Structures are given as C-alpha cells and as structure tokens.
Amino acid sequence: MSVRVRFAPSPTGFLHIGGLRTALYNYLFAKHHGGTFVLRIEDTDQSRYVEDAEQDIIDSLEWAGMTIDEGPTNPGEFGPYRQSERKEMYHKYAKQLIESGHAYYAFDTTEEIDQMRERLKASGNPSPSYDSITRQSMKNSLTLPQDEVEKKLENGDEYVIRLKVPRRETVKFEDLIRGVVSFETAGLDDQVLMKSDGMPTYHLANVVDDHTMNITHVIRGEEWLSSAPKHMLLYNAFGWEPPTMAHLPLIMSPSGGKLSKRKAESEGIPVNTKDYIAGNYEPEALINFLAYLGWSPGDDSEIHDMKELCELFTLDRVSKGGAVFNYKKLMWYNEHYIRETSVADLLPRVKELAENAGFDTKDDEYLVTVVGLLHERVSIVDEFVEMGSFFFEAPKEYDEKALKKWKDDSAGLVTAYKEKVEALSDAEFEAATLKSKLEETIEEHEVGFGKLMMPLRIAVTGQGFGPDLFASLELLGKEEVMSRIDVALERLG
RNA sequence: GCCGCGUUCGUCUAGGGGUCCAGGACGCCGCCCUUUCACGGCGGUAGCACGGGUUCAAAUCCCGUACGCGGUACCA
C-alpha cells in the first residue's frame, strides 16, 4: 500500500512554526516514499474558528515549497477535507460504537460534571475524571433505564457520546520514533466523542478520518502522545487496523517550554509562518533549518534543499528530545541561501524592496552593482536596502557609533583627500585610482589607513561599516561623492 | 498529584558495548586574508545529568534518582 500522510491543523490562527515543521516532516516522509501528502482542516471547534486561518495555512505551505496533493481546495477521492463537512460520517460511526457497546450517551450538564469533580476532590481524589468508576453514578445510558434514555433522545435533550474506556487494560503500540509505548486504561477518562453541539471531538474525527482517508502514517507532535491510547482504543472498537504512529519532539523556546506564541515573541523569534513571509526570509533557509531541528541525516552535511531532504529523510533518524529554536542558526542558513542566489535572481526582489522604501532605484545596471557589492554582507534581503540606503540617497544623519571615529584630524584629512580626487575626471573616478589617492594622502600626512578611511566612509555613507568603499565611491560617481563630502565637512567640522 | 515521554558541548546534532581521553554545525574567541566592512581559510573554547548494576570493556544495555517537557477539557 502506498504511503498516505496528512497534515491536520485546526484553523484557530495563523500557521505556527511548529506546525510548519510537522507539515514538513509529513511532506518529506511522503515524498521519500513516493506517497501522498494530504491537508485536512480540523475545524470541529466552532468557538475557536478563525476566518482566514485556512487560507493562511495553504499559503504558508505553498511558500515553503510543499505541494498539497489532496486538500480542501484540490480534493482527491477521499473528501471532503474539512471536518465540519463530514459531520454525518461521525454521527454514523459514533452510533455504531454505541451499538457495539463501546460508547454511550451521557446527559450530564457541565454543572453536574463540575459538581462531581468538586465532590471527588473534597474526598481526596486529586484528579477526578469521568471514568469507569464515576460513570456509574452519572446520568448516562449505562445507568439510566432504557426508556428514559430514549425519551431524552426523542425530547432533544442535550447529550454527548462518550467512549467507554475498559476498566483495566494495557494499551500498547509501536511508535516509529519512540519504540513501544504503553498505557494503562485506568488512567484514561471516558473521552467525549460527540459534543453536544453535534460536532465530533478531535479524538473521534481524527480516527474516523485517518481510517476513511486511508492514512498509513500518523506523524504529529508529541502533545498527542498522551491521547494516542484513546485513539488505539477507538481503532480497536471499530475493528480497524490503526495507522503507524510517529510522535515528533516539540520545538522548545530558548527559555524552556513549548515554543508558544507569547514566549517566542518575547524572545524575538517570529512564530507564525506568515511573519517569515512578510519578513522576507528565504523559504529554503527556513525549511533547511526546520528539517534539522529534531532530525539529521547522520552525516556531517548541513545544507540541503527540499529535493535532497526528501531523499534523505527517514523517521528513524528523528530525535526524541525537544529541540530549542536557535534563531542565529536560522540566520546562518538565511545568509547561506542569499549567497547561493545569483545577483540576477536577487535583482527584482531588491528592486521591489527599494521601491517600497521610497527609493529611486535608477537603472538596473546600477542596482546590479549595488546587489553585487552587498551580496556577501547581508543576512536577510531587507538589508540590501537598509545597509545600502546610501546608494539611493545621501545620508540624512550619521551613525552615532561610527561618529566616534570622527576625530579632530578627520576633517583635515578628508579635505586633503577631496582636493586630490576633485582633480580627477569623471572617467578617472574609479576604485583603483580612488584607493591610490587615499594611499597618497595618508603617506603625505603620515597617518594610518583607518585615520582617513573611516571618516571618509562616514561622510559618504553615514555608516561605520558597509561594502567596499572605493567601489561604492565609483558607483556613486564624482559629483555625488564631492557633494556628500562637502555636507559632512560642514556638519561635522 | 497522577500518567506518559525525554536527558551527549550554551544551542542543533553524530554516535547503538571496544576503533570515542566523544565527531560535525551554529555561537563565541583567536589568527590569516583584506592597510576598510564582510565573505572565506585555519585554529581554539566547551559536553556523555547523577548513582548503582551487567560486562574483560558502557556515552552506548538494565535499574533507580534528579531534572525537563507533554498530557490530565463538550481545545486541538
């Protein structure tokens, strides 16, 4: 049977970076085996539904380079792909479970359940739950007379359907990442399968869908491991062969704990995929980084594109422990992929960025030189415009830190240099000459290179760092350079 | 609390009984290159959570402890 996996997010917000990695591992696994990558929208919680979330998920996956083989917008033969559109199916299967004695109706109100919990807590039970013991004293089809149950159902009284968890049983299953995992049913509660609003809970929906959609491998976050035994119980109750399980380690925040939205933001880590899109990160970098966050091919390689990752990826090489998100390493990947991208490919992107910043980008030839000069220096494409802003307009102010290098003798040296260079024709105004003129000047004044270099850089670019200065001067042209020096001399003295 | 899952440099990881006084990458530090900023090159720093076993031999197997994380909902 060919591999079919699903990424099954709930549309309660924008696609989280952890979700993106789960999707990636599913995708890589599917493609490694020539299988199918399914997107299923788990929208069974109507109270948390977010309108634009589904589109955001689809856009994010596409940006990251994952092709959805089957999903709500490109259905295959196992649709629909939104759980809200499969309601009848869940009802049918829930009913089947009741008939086979694996589930039952429960009529308790929220208040009654709360009271039960209070009562048990008061009598010394630290974690009361609706289970094989407590269900005997609750209002459900196991305790109520048959005719009363039927009457309640006919009256349209609110009810839920609960899983009848066996009293004492051991549920064991093999997880591809963790090996054999084992749970005692005594610790499980009678999970709600159908909610009183007629929607299934995740537990029922996920089992029914994975089975009816022919999913062969369930690859999901570790937060699901604890409820996996309930799912196994369900597969058993239906008499279905469960899919192979693989529970992924969580992505952790640098300060510890699951990388939550709140934590990530306070630690300067973009948490939603859309933040990376808006922030102009290289998708290849994010993907490469994410792939290695909890997985490695086992050799010393670090750089792989999606195609290579598909070839290399296996679940047995996924690590078990949580992985801390290392933003600096992400940036290292980002720098790497920018350097790998040709100037020609970068050009239109930088052009758009610069224009959005309100700069006149002059002609493409000019821009090509700008991009070339900054290519090895930027960490993220935005920096082409930030670091290179002086290519488009004269510095409005001078960087404070850089200004410390503007010493008492700076004005004199810059003036001396200016006088030399002023004599050059436009054609002579090129990097090598500009450099030799600087050498001449420092020799005449018997000072070090930096004594003139830094002030000159500040005067022309406003910054204490940046691309090769002489090439920059050449590109800017004589007239512009002269004018900037004059302004600086006047303002800095 | 209970249940489950984890634990190799600061971080991501390699390693699955001898070839490991533990390898790679990010970061950090230093040197070289560049009389500028970077890129790059070279080198350095730093780790098997702890305690017991098993074994001729344990980072690797077993048990316990500690710590971390997850779950404990009519949320997913």
Side-chain angles (χ1 to χ4, degrees), chain A residues 8-13 19 42-48 83 106 108-110 113 117 125-130 158-162 175 177-179 181-184 186-189 191-203 205-206 220-229 247 249-250 252 254 256-258 289 292-303 317 319-333 335 339 373-379 387 405 435 438-439 442 448-454 456-457 461 463-470 472:
Chain A
S10 75
T12 53
E42 310 228 320
D43 55 349
T44 53
D45 185 353
Q46 296 172 321
S47 64
R48 294 206 301 158
Q83 292 186 328
D108 318 272
T109 62
T110 317
I113 291 171
R117 293 214 168 95
N125 182 342
S127 51
S129 66
Y130 205 118
E158 282 210 340
Y159 68 90
V160 299
I161 296 177
R162 284 181 183 271
D175 184 288
I177 293 168
R178 283 148 218 289
V181 190
S182 151
F183 293 82
E184 297 301 322
L188 270 31
D189 64 347
Q191 187 63 56
V192 169
L193 264 19
M194 289 297 280
K195 303 186 262 188
S196 56
D197 66 358
M199 280 292 202
T201 57
Y202 170 85
H203 306 285
N206 132 280
R220 79 235 288 196
E222 197 189 344
E223 71 266 31
W224 294 110
L225 189 54
S226 304
S227 37
H247 289 90
L250 265 20
M252 316 292 276
K258 191 157 91 167
F289 168 73
Y292 271 74
L293 203 56
W295 171 85
S296 94
D299 55 23
D300 287 343
S301 66
E302 299 282 341
I303 305 294
R317 298 208 58 86
S319 30
K320 298 179 175 77
V324 175
F325 192 101
N326 184 345
Y327 187 75
K328 281 191 169 162
K329 187 146 191 183
L330 201 216
M331 290 316 285
W332 176 75
Y333 274 114
E335 287 164 12
R339 276 177 232 128
L373 283 171
L374 290 163
H375 201 182
E376 311 281 270
R377 280 157 245 265
V378 300
S379 295
M387 202 182 282
K405 302 277 184 176
K435 187 175 177 184
L438 186 134
E439 281 159 355
I442 60 169
F449 203 78
K451 282 288 200 182
L452 172 51
M453 187 77 190
M454 257 324 215
L456 184 59
R457 186 184 276 286
T461 74
Q463 301 166 337
F465 60 92
D468 181 83
L469 185 58
F470 303 106
S472 300

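Order of the sequence lines fixes the chain letters, A, B, ..., with proteins taken first and strands second; residue numbering starts at 1 for each chain. Remember, predicted model here, so these are calculated numbers, not experimental data.
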Which nucleotide, [options], lies nearest any side-chain atom of [X]?
{"X": "A:Arg317", "options": "B:C5, B:G6, B:A14", "result": "B:A14"}
{"X": "A:Thr201", "options": "B:U11, B:G6, B:A76", "result": "B:A76"}
{"X": "A:Arg339", "options": "B:U34, B:A76, B:G40", "result": "B:G40"}
{"X": "A:Val324", "options": "B:G23, B:A76, B:U11", "result": "B:U11"}
{"X": "A:Arg117", "options": "B:A25, B:C74, B:U36", "result": "B:C74"}
{"X": "A:Ser227", "options": "B:G6, B:C26, B:A76", "result": "B:A76"}
{"X": "A:Lys195", "options": "B:G24, B:C75, B:C26", "result": "B:C75"}
{"X": "A:Asp189", "options": "B:A73, B:U13, B:C12", "result": "B:A73"}
{"X": "A:Ala323", "options": "B:C5, B:C12, B:G23", "result": "B:C12"}

Q. Does any donor-acceptor pair link the side chain of A:Ser127 with the base of B:C2 at a separation under 3.5 Å?
A. no
Q. Is a donor-acceptor contact shorter than 3.5 angstrom present between the side chain of A:Arg377 and the base of B:C39?
A. no
Just call it for [X]: base, sugar-phosphate, or nothing, with non-hydrogen atoms closer than 4.0 Å on any strand.
{"X": "A:Asp43", "result": "nothing"}
{"X": "A:Ser129", "result": "nothing"}
{"X": "A:Ser226", "result": "base"}

Q) Hey, what's the ring geometry for A:Phe470 with A:Phe449, parallel, tilted or perpendicular (30° and 60° as the breaks)? A) perpendicular
Q. Would you call the rings of A:Tyr292 and A:Trp295 parallel, tilted or perpendicular if under 30° counts as parallel and over 60° as perpendicular?
A. perpendicular
**Q.** A:Tyr333 side chain to A:Glu302 backbone, donor-acceptor under 3.5 Å
**A.** yes
(Q) Under 5.5 Å centre to centre and under 30° between planes: does that hold for A:Phe449 and the six-membered base ring of B:U35? (A) yes
